[in-house]
Amino acid sequence: MNQLAYALDSQPGVQQQPVLLCQQQDLVPFCGVAARFAEHAIALFYLPGQEVELYGVSHIDPATGAPVIAHGLLGESKGEFYIAAPLHKQQYRLSDGQCLSDSTLKLQVFEVQLQHAQVWLLPPTE
Amino acid sequence: MTTSITKQLLVIGNGMVGQHFIEQWLALQQENSDWQLTVFAFEDRPAYDRVHLSDYFSDGNAGKLQLAADSFYSDNDVTLKLNEPVLAIDRAAKTVTTAKARYFYDKLVLATGSYPFVPQIAGNDNAHCLVYRTIADLEAISASSLGARIGVVIGGGLLGLEAANALKLQGLEAHVVEFAPQLMPVQLDKDGGELLRRKIEQLGVSVHTDKATSSITAGTEQRLQLNFADGSVLQSDLIVFSAGIRPQDQLGKDAGLELGARGGIVINNQCQSSDSDIYAIGECALWQGQLFGLVAPGYQMARTAAAVLSGDNSHSFTGADMSTKLKLLGVDVGSIGDAHGRTPGSISLRYRNDLLGEYRKLVLSADGKQLLGAVLVGDNSYYDSLLQYALNGIALPADPQSLILPQSSGKVLLGPAALPATATLCSCHNVSKGAICAALDSGVRDLAGIKSCTKAATGCGGCAALLKSVVEHELSERGVAVSTDLCEHFSYSRQQLYHLVRVDGIKTFNQLIQRHGRGHGCEICKPAVASILASCWNEPVLAKPHVALQDTNDTFLANMQKNGTYSVVPRIAGGEITPAMLISIGKVAEQYQLYTKITGGQRIDLFGATLDQLPLIWQQLIDAGFETGHAYGKSLRTVKSCVGSTWCRYGVQDSVSMAILLENRYKGVRAPHKIKMAVSGCTRECAEAQSKDVGVIATENGWNLYVCGNGGMKPRHADLFATDLNDEQLLSYVDRLLMFYIKTADRLQRTATWMNNLEGGLDYLRDVIIHDSLGLGAELEAQMQLLISNYQCEWQTVLADPLQRARFKSYVNAAAPARSEFGFVPERGQLIPIRQLNNKETDV
Ligand code: SRM
Ligand SMILES: Cc1cc2nc3c(=O)[nH]c(=O)nc-3n(C[C@H](O)[C@H](O)[C@H](O)COP(=O)(O)OP(=O)(O)OC[C@H]3O[C@@H](n4cnc5c(N)ncnc54)[C@H](O)[C@@H]3O)c2cc1C
Ligand code: SF4
Ligand code: FES
């Protein structure tokens, strides 16, 4: 694991309050962008007009440890959205972070919400 | 004397319609038919496809045009008498006479076609005055072209323009002389004719309208001189008359059959002449004062005559549609029904766009509800729908103009689903949509099967696109998965999607998926469509509608490396670089501490830049005079070169200049996969051109072109494609080759696999590219020209647009991460990624 990934993943802090991550205008429709909070790197995927409009998952590629997930291609299969990792194309379901091609790989999921044109990170719900 | 129980059916003429009659007739005969069929042919070869006659000039292969196998006639007990024209008919004795013998008939069918009309002009009997109707005519044109420089066609109709193209293919400077004030006066109106003229002149054919030729005399510069009524002259080495056709009715005339005032054997609805034992079909026949100079009506007559002669009187010929759709010298031209608006009370709607070179006109009934006719120039994609409206009397939409306005206005043309079962899809073989559905229901499962069992699209070919869309639609209605589907979002192959994008003028992924797909797309179809859009229109890949489609490397115009940083590859065309440019690359690399390596493609790769650094680095490179190298794109990578004749004692041509020319010409052109080229200055081949998609090797006389090679996972030597080309020929072949590859290859298929999968392989490719057998040459070159002229350095575009530039941020809410966060260690004086970052995949 490289230093950045190490720094970001080693000590998950305990978050109590919703945190303002960024503005809606920082998002790119049907693409990912990466945001930082404390030690976390979060990939945000914005799907305007869809049932769930915003997903947050870890930006760190579980297969390589590189901070690249936000730069993968967004895909859809049978109504479910997933992200294809940019380096080796594993598919991760956005709703729960599960890798569809390798059961041992999973992306951490972050609860995010779009409100008043702002992107909020919610405290983990156990 | 016992009467023979065999009855004699004689057919005079083995042209397209005569042949169709034989086939229809055989299909209707019982096992133990008491008929004996004999066919007399004037020409010395069995029936061939006159419609595609001009292909002879692109491939020189007359055999390919033949309609039936040699064995067809004997296999079916048909006596074919080649080279034995009928000289006279004796109706009283019921015999026909040839130079060899007399033959009795019970029934006689005249299918003698027509002959080219040559106007009475003094000098028209010169040996270099020719016509354009038979294979023998073409052979004569070929012979006359030897040593000729200029060719003139007299007549600017459909056939005249085809003849002009043939002259062009023979390498002649081609001219068309037309008596009327416009080209194609029969099918087109004035505006349409004018536009056609402009387009054809752009293709290098000179057009002279309003010109009456008064005599042909010996020339001074060229063999001949045409003298026009207005006093002007034109010199030419050969002249092709294409001033119309006349029915070949001499036999009927001599035998006292009723003829029309201006020729043609008069027939009734059963195709019988004034003698009920004698039938006439095809171009020699006159029905209700009308002659039909197209195959489809002739085929309908053949069907009718065959049925009536077999005792089925329910068939009748009741006229035929004379609509035509053609590609003349690469220009789309379509004419439907009452193109001139001659129906009393009819009204018309026009769309004319001089910028795009498109013209469309609709002729509507007085109440605006029915389509009576149409004229199309420049874009025939509207033809199929319009023809269906006109032929089947389908009620027009409330805003009929939507049918001819450019597609971006969002209107969908008449789709395969909307056609009624009775709609005729193929008029040559009279195949309805219902017949196609019946064939599908009986178990036929693909287009090829449908073609062979219904014969649809095997005549003039004009209905092929429509047939395909109907078959595909009906198959999917029947739940049949077509295996060439790109992915779950598109039931089309890449090639089909390319076609849809091109024909519908689709500019974005959203338009395409809404109109032709479903769902939201995936990592397969998005980049594939992005590549197709770029190949068709060459809009910046990072323009807003395209951003979300790009593969990782295209998204940031740089290749992502294993640790999440990116590489930077400026273009170094042909591998030639000045010391000053080298120094400026070095400076940038030093400033940003980028790992620097000479690549296998004769250029320099700078590794380890963060997303935030990319615009800064590129700004400096661009300021120093570099442009993007497209190392990230499925597009031209490099054109390797050797030093060639500039320095090398063996070099015979300037390979470096040629490599630079090629690289600058094709840079940025998006393709199904990456493309590599190389140019060597002599046969020693130091640039390894034979391992490239396009390899060029210098010869004493020019360039040898090699195609479809590659290194990589499965190396393949390129094949020698053409020899001793001059610069211009080389570029035109490469233009065509690349564009044809872009048009027809599968996604991520390199040229070698593509070529191996093409039916007919290299020979077919040669036919298409060199001999222009599909008549696509000019179109392919024009499409490539569009891509070339829309080229821009993508990095320059990004840097000029603050919005695009703003995307180059590692984190939207935080400062740029330090390089050290990505984990670098020094090695041999440069920074490389930490070793243990090796990922799982590389272990296997
Ligand atoms: C940098 C370079 C190696 C080097 O250090 O020399 C290189 C690097 C890569 N090559 Fe290559 N290839 C490089 C020359 C070649 C060559 C040699 C050549 O071009 O003369 C070949 C064999 C020739 C050929 O392609 O026919 C080559 C055959 C491949 C292949 C296999 C292609 C195939 O058809 O089998 C791939 C994989 C692919 O494209 O799917 C590939 C893919 C790659 C990728 C893009 C892999 C990837 O997706 O990350 C590498 C990324 C480079 C980067 O990040 O910038 N590279 N690659 C060379 C860049 C040349 C340039 O200036 O653009
Ligand atoms: C270059 C070119 C392009 C064309 N393009 C198109 C197109 O795109 N679409 C379209 O619909 N149509 C096209 N046509 C027209 C089409 O080819 C004709 O409509 C069709 O061939 C007519 O068939 P036919 O059998 O009536 O006449 P033909 O095909 O001319 O056949 C008549 C045959 O009868 C023979 N014959 C004549 N007299 C005698 C005799 N006394 N004894 C024995 N044999 C005799 C002739 O030698 C000839 O072989 C094109 C024609 C040409 C020349
Ligand atoms: S050969 Fe393999 S490892 Fe080397 S640059 Fe090419 S793709 Fe990468
Ligand atoms: S319309 Fe001519 S082949 Fe179908």
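Below, read A as the first sequence line, B as the second, and so on, with proteins coming before strands; counting in each chain starts at 1. All of these numbers come straight from a predicted model, not from anything done at the bench. No hydrogens, no waters, no symmetry mates; every other heavy atom, side chains included, goes into these values.
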Check B/Met560 against A/Leu87 and note the closest heavy-atom contact, atom names and distance. SD-CD2, 3.8 Å
Here the pair of heavy atoms bringing A/Glu76 nearest to B/His520 is OE1-N, 2.8 Å
Residue pair B/Asp551 / A/Lys89, side-chain heavy-atom distance below 4.5 Å: yes
Provide the closest heavy-atom pair for B/Lys526 versus A/Leu73 in the form atom of the first, atom of the second, distance. CD-CD2, 3.9 Å
Among the options B/Cys525, B/Ala818, B/Cys522, pick out the one with the most heavy-atom pairs lying under 4.5 Å from chain A. B/Cys522
Taking all non-hydrogen atoms of both residues, which atom of A/Val68 and which atom of B/Gly564 are closest, and how far apart? CG1-CA, 3.4 Å
Minimal non-hydrogen separation, A/His71 against B/Thr552, with atom names: O-OG1, 3.7 Å
Let me know if A/Ala35 has heavy atoms under 4.5 Å from chain B in its side chain, its backbone, both or neither. both
How are the rings of B/Tyr811 and A/His59 set to each other: parallel, tilted or perpendicular (split at 30° and 60°)? perpendicular
Just give me the residue among B/Asn813, B/Thr555, B/Val547 that pairs up with chain A most often, heavy atom to heavy atom, under 4.5 Å. B/Asn813
Write down the atom of A/Pro29, the atom of B/Ala548, and the distance for their closest heavy-atom approach. O-CB, 3.9 Å
Tell me, for A/Gln91 versus chain B, whether the close heavy atoms (under 4.5 Å) come from the side chain, the backbone, both or neither. side chain
Report the option among A/Ser77, A/Cys31, A/Ala70 that has the most heavy-atom pairs separated by less than 4.5 Å from atoms of chain B. A/Ser77
